[in-house]
Structures are given as structure tokens and as C-alpha cells.
Amino acid sequence: MQVLRLATKNFRNLKDGEIVPCQGINVIYGWNAQGKTNLLEAIWLFTGGHSFRGSKDGELPKLGGGNASLSLDFYSEEREQNAVLNIENGKRNSVLNGVKKKTGSALIGKIRAVIFSPEHLLLIKEGPSRRRNFIDGALCQIKPSFAALLSVYNRSLLQRNALLKDISRYPELEETLSIWDARLAKLGTEVIQERLLYVKKLSPVVVSIYEGISKHKETIEIAYSSSLKSSLKSWEPSHEEAVFLEELERTRKSDIRSGFTSLGPHRDDLDILLNGISLKAYGSQGQQRSAVLALKLAEAQLLSESTGETPIILLDDVMSELDQNRQDYLLNHLYDKQVFLTCCSPETIDLMKTGMRFRLDSGEIFQESMERQ
Ligand SMILES: Nc1ncnc2c1ncn2[C@@H]1O[C@H](COP(=O)(O)OP(=O)(O)OP(=O)(O)O)[C@@H](O)[C@H]1O
Ligand SMILES: [Mg+2]
């Protein structure tokens with residue numbers, strides 16, 4: 001997958017215009033608040049997802065009114081294609097290869113990208129839900145049926161929790177709990193199974209990318225960690241379902257007291273160790289950043305393997321806190337990928353051996369000397 005040309009009109013602070021990036025690394029640099037993240041966001045919106053900054057669609061057009069329009073020429077499925085995204089009256093619609101679609105999300109699956117932005121550091125710094133969301137989000141992209149499974153599980157969990165709360169007022173309802181226990185154990189085992197398989201595939205890729213970033217100085221390990229007392233190493237679904245059920249029965253009384261299901265995939269986590277110790281508790285800023293990058297790049301690699309298309313890599317403000325060796329990895333060693341990387345410091349781009357650079361100045365994009373070497 002490759003962006004061939006991006007044109008923006010009336011979008012955020014960007015001056016109307018277009019960029020024609022290269023196949024490899026494209027560095028977008030400039031002082032703060034010039035529009036670098038806005039440019040990455042313009043590309044990201046073509047994935048059909050919401051703004052990675054959590055903005056509302058109505059905030060995307062240039063302040064002062066009017067509608068915004070983005071046009072992307074891209075190469076995918078062995079042909080050149082075009083997508084247009086219009087943001088009109090706070091709503092998105094799209095046109096794919098001349099065919100009008102009602103929504104912006106109609107583009108999901110047509111254009112794939114993986115984004116790293118500083119908020120993604122929360123993946124390490126915050127609690128388990130971020131890490132679960134990372135696994136689930138990645139899985140949903142390569143296996144849409146997982147999204148359906150997860151939503152049925154979550155609905156059953158809500159229903160079981162509602163029942164737990166009711167039981168404290170109407171104890172006779174406890175009889176009906178076993179139906180929900182069975183349902184939760186079955187669906188929950190499937191959810192854990194899918195996540196386990198994904199983490200198993202992801203793990204060696206993360207290890208190898210992290211080795212590259214740290215120039216073999218540090219070793220990362222990732223492992224799925226379940227709230228159930230099961231042996232994840234010798235996982236066998238029918239046995240695990242029985243274990244899940246037993247655990248639900250064991251914790252039933254306390255679950256009724258708290259009105260919440262204390263065990264299951266909704267309480268699981270992804271353990272991340274660096275040189276054998278917890279990255280969250282002990283890792284430096286640069287190490288935590290490197291780890292998120294390794295996770296994101298590994299996600300991109302598994303996505304390429306399953307879809308046959310390498311996603312576009314968007315790296316927003318990734319360079320700060322990274323030493324020169326690590327910066328060199330991002331600038332010069334992400335082979336076979338189209339990368340858009342933003343940074344503030346002009347010195348960073350001196351490390352670039354090949355690629356294209358764009359300077360952003362008050363929303364205006366200037367293409368600078370091509371293909372150094
Ligand atoms: N809808 C909009 N209309 C006009 N200007 C906007 C709009 N949305 C954001 N901006 C402005 O765009 C400017 C650039 O934002 P952006 O986040 O892209 O900067 P940046 O170059 O990534 O800066 P930094 O290096 O600080 O991350 C900000 O000053 C912001 O106020
Ligand atoms: Mg920015």
C-alpha cells in the first residue's frame with residue numbers, strides 16, 4: 001500500500017495544496033503548531049477510523065466555516081486508486097474510485113495504516129485496558145469476526161453484571177446466574193484463545209524489532225496474562241472453559257457483593273518485560289517509547305502478512321527522547337514500508353540516508369531536496 005498523492009482543501013490549518021511522497025521514508029518537519037500532525041491526520045482519516053486525536057468531524061474543516069475535502073491517490077491491490085473524503089456540515093462522506101459512499105467509514109479495509117502518536121505511550125504507562133484494546137484493535141483489523149465475538153462477550157458480561165446487582169435485592173434470581181456463567185465461560189474462552197494466538201504470533205516480531213531499535217542492547221518479552229487461574233502454556237479450549245466456569249463459581253459470592261464479574265478476558269493484560277523486569281515500573285522514557293514503537297511496527301507486520309498489503313506507517317513526534325541509534329533505526333531501517341514521520345528538530349533529518357523531506361511552515365508545505373545519498 002502506498003500513498004501516491006494527497007491533496008487537502010480547507011482542512012485544519014493546512015494551506016490548500018498537495019504532496020507527492022516517496023515510497024520509503026517521508027519526514028515532515030517544522031516548529032511546533034505548523035500543521036505536521038494535521039497532515040498525518042489527513043492521511044489517517046482515509047483508514048475510515050476516527051481522528052486519532054479524538055477530534056470530532058466538525059473540528060476538521062478550517063476554522064471560520066466551510067467544508068473540507070481530502071483527495072488521496074494510492075496504490076493498492078496492484079492498481080492505482082483514488083479516494084475522496086468530504087467533511088460537510090460536520091459529517092464525513094467518501095468517494096472511492098468515483099463511486100460515492102454515504103459514510104467515511106465505508107473506506108475501512110481499503111486503506112490501511114498504523115499510527116504512533118505520543119498518546120500511545122499510555123499503552124505502557126496506564127492500566128491493562130489500553131493493552132487489551134491494543135490486542136483487540138489489531139485482531140479486529142485482521143479478523144473481523146473477532147469484533148463480533150468481542151461484542152457478544154461484552155454484552156453478556158454487562159448482562160451478568162446487571163444480574164449480579166439485582167441478586168442482592170432479589171436473592172431468588174441467583175438460580176438464573178448459571179446460564180450467564182456458562183455463556184460467559186464459552187465466549188470468554190474463545191476471546192482468550194484468539195488473543196493468545198495473536199500474542200504468540202506478535203511476540204517474536206516485537207522481539208526482533210526491539211532488538212533492531214536498541215541495536216541488540218536490550219531484550220523485550222511480551223506475554224498474555226490472564227486473570228483466570230489457567231495454565232496458558234498448555235492451553236486447551238474445552239478444559240479452559242471448565243476452568244473458567246469453576247472460577248466463576250468460586251468467585252460468585254464476592255461478585256454478588258461487588259456487582260461485578262471479577263474474572264475473565266475483560267480483566268486480562270499483556271505483560272511487557274524489558275531485560276527481565278517490568279517496563280511499566282522500571283523502564284526509561286526512551287525504552288517505553290521504543291517498546292510502543294516495536295509493538296506498533298509488529299502490528300503493522302502481522303497486518304501485512306494477513307492482508308498482503310503493507311500498511312502505511314504514520315509516526316507522529318516519535319523522535320524526542322530517542323538517542324541517535326534509535327532515531328537511525330526509524331529513519332533508515334524500516335525497509336519496504338512507506339513511512340510518514342514528523343519531527344521538530346532539523347538535526348534529526350541529517351541522519352536520514354534516503355527519502356523525502358517536507359518542511360511545514362504555518363500550514364504551508366515545502367518539499368525539500370529529494371533522495372539525498
Ligand atoms: N480546524 C482548524 N482550523 C484552523 N486551524 C486549526 C484547526 N485545527 C487545528 N488548527 C491549528 O493547527 C495548528 C497546527 O496543529 P498541529 O497539531 O498539526 O501542529 P504540529 O505541527 O503537529 O505541532 P507540534 O510540533 O506542537 O506537535 C495549531 O495551531 C492548531 O490551532
Ligand atoms: Mg504535532
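One-based numbering along the sequence shown. Bear in mind the structure is a predicted one, so any value in this text is a computation, not a measurement. Just so you know, ligand 1 is whichever comes first in the structure, and atom 1 is the first atom listed for that ligand. Values below: all heavy atoms of this structure, side chains included; hydrogens, waters and symmetry mates excluded.
- At a cut-off of 3.5 Å, with distance as the only test, no side-chain donor of Glu218 or Asn275 sits close to an acceptor on the other residue.
- Inspection of the Ser225 and Asp269 side chains reveals no N or O donor paired with an N or O acceptor under 3.5 Å.
- In summary, the side chains of Thr342 and Asp317 do not present any donor paired with an acceptor at a separation below 3.5 Å, with no hydrogens or angles considered.
- Protein heavy atom at the shortest distance from atom 25 (O) of ligand 1 is Lys36 NZ, 2.7 Å.
- Protein heavy atom at the shortest distance from atom 27 (O) of ligand 1 is Thr37 OG1, 3.9 Å.
- Remark: ligand 1 and Cys344 share no N or O pair separated by less than 3.5 Å (distance only, no angle test).
- Nearest protein neighbour of atom 23 (O) of ligand 1, counting heavy atoms only, is Ala33 N, 2.7 Å.
- Shortest contact from atom 6 (C) of ligand 1 to any protein heavy atom: Asn13 N, 3.8 Å.
- A salt bridge links Glu174 and Lys253; the closest N-O separation between the charged side-chain nitrogens and carboxylate oxygens is under 4.0 Å.
- For atom 31 (O) of ligand 1, the protein comes within 4.0 Å by no heavy atom at all.
- Contact between Ser55 and ligand 1 is absent, with no heavy atom of the residue lying under 4.0 Å from the ligand.
- Protein heavy atoms are found less than 4.0 angstrom from atom 4 (C) of ligand 1.
- For atom 16 (P) of ligand 1, the nearest protein heavy atom (residue, atom name, distance) is Arg53 NH2, 3.6 Å.
- For Glu41, the heavy-atom gap to ligand 1 stays at 4.0 angstrom or more.
- Distances shorter than 4.0 angstrom do not occur between any heavy atom of Gly30 and any atom of ligand 1.
- Using a 3.5 Å distance cut-off with no hydrogens or angles, the side chains of Ser55 and Arg12 do pair a donor with an acceptor.
- Considering backbone and side-chain atoms together, Arg12 places an N or O closer than 3.5 Å to an N or O of ligand 1.
- When distances to the Mg ion (ligand 2) are checked against a cut-off of 2.8 Å, Thr37 contributes an N, O or S atom below that limit.
- Classification of Lys9 and Asp16 as a salt-bridged pair fails, no side-chain N sitting under 4.0 Å from a carboxylate O.
- For Lys62, no nitrogen or oxygen atom sits less than 3.5 Å from a nitrogen or oxygen atom of ligand 1, counting backbone and side chain alike.
- Close approach of ligand 1 to Glu59 is summarised as follows: ligand atoms under 4.0 Å from at least one heavy atom of the residue are 1 (N).
- A donor and an acceptor atom, one from each side chain of Glu368 and Tyr29, are located under 3.5 Å apart.
- The protein heavy atom nearest to atom 26 (O) of ligand 1 is Asn32 ND2, 3.1 Å.
- When hydrogens are left out, the protein atom nearest atom 15 (O) of ligand 1 is Asn38 ND2, 3.4 Å; that is the closest non-hydrogen contact.
- Remark: the Asn82 side chain and the Asp73 side chain contain an N/O donor-acceptor pair separated by less than 3.5 Å.
- The closest side-chain donor-acceptor pair between Asn154 and His266, if any, does not fall under 3.5 angstrom.
- Of the candidates Arg195, Arg131, Gln141, Asp136 forms a side-chain hydrogen bond (donor to acceptor under 3.5 Å, both in side chains) with just one, namely Arg195.
- By the 6.0 Å and 45° rule, Arg359 stacks over the aromatic ring of Phe366.
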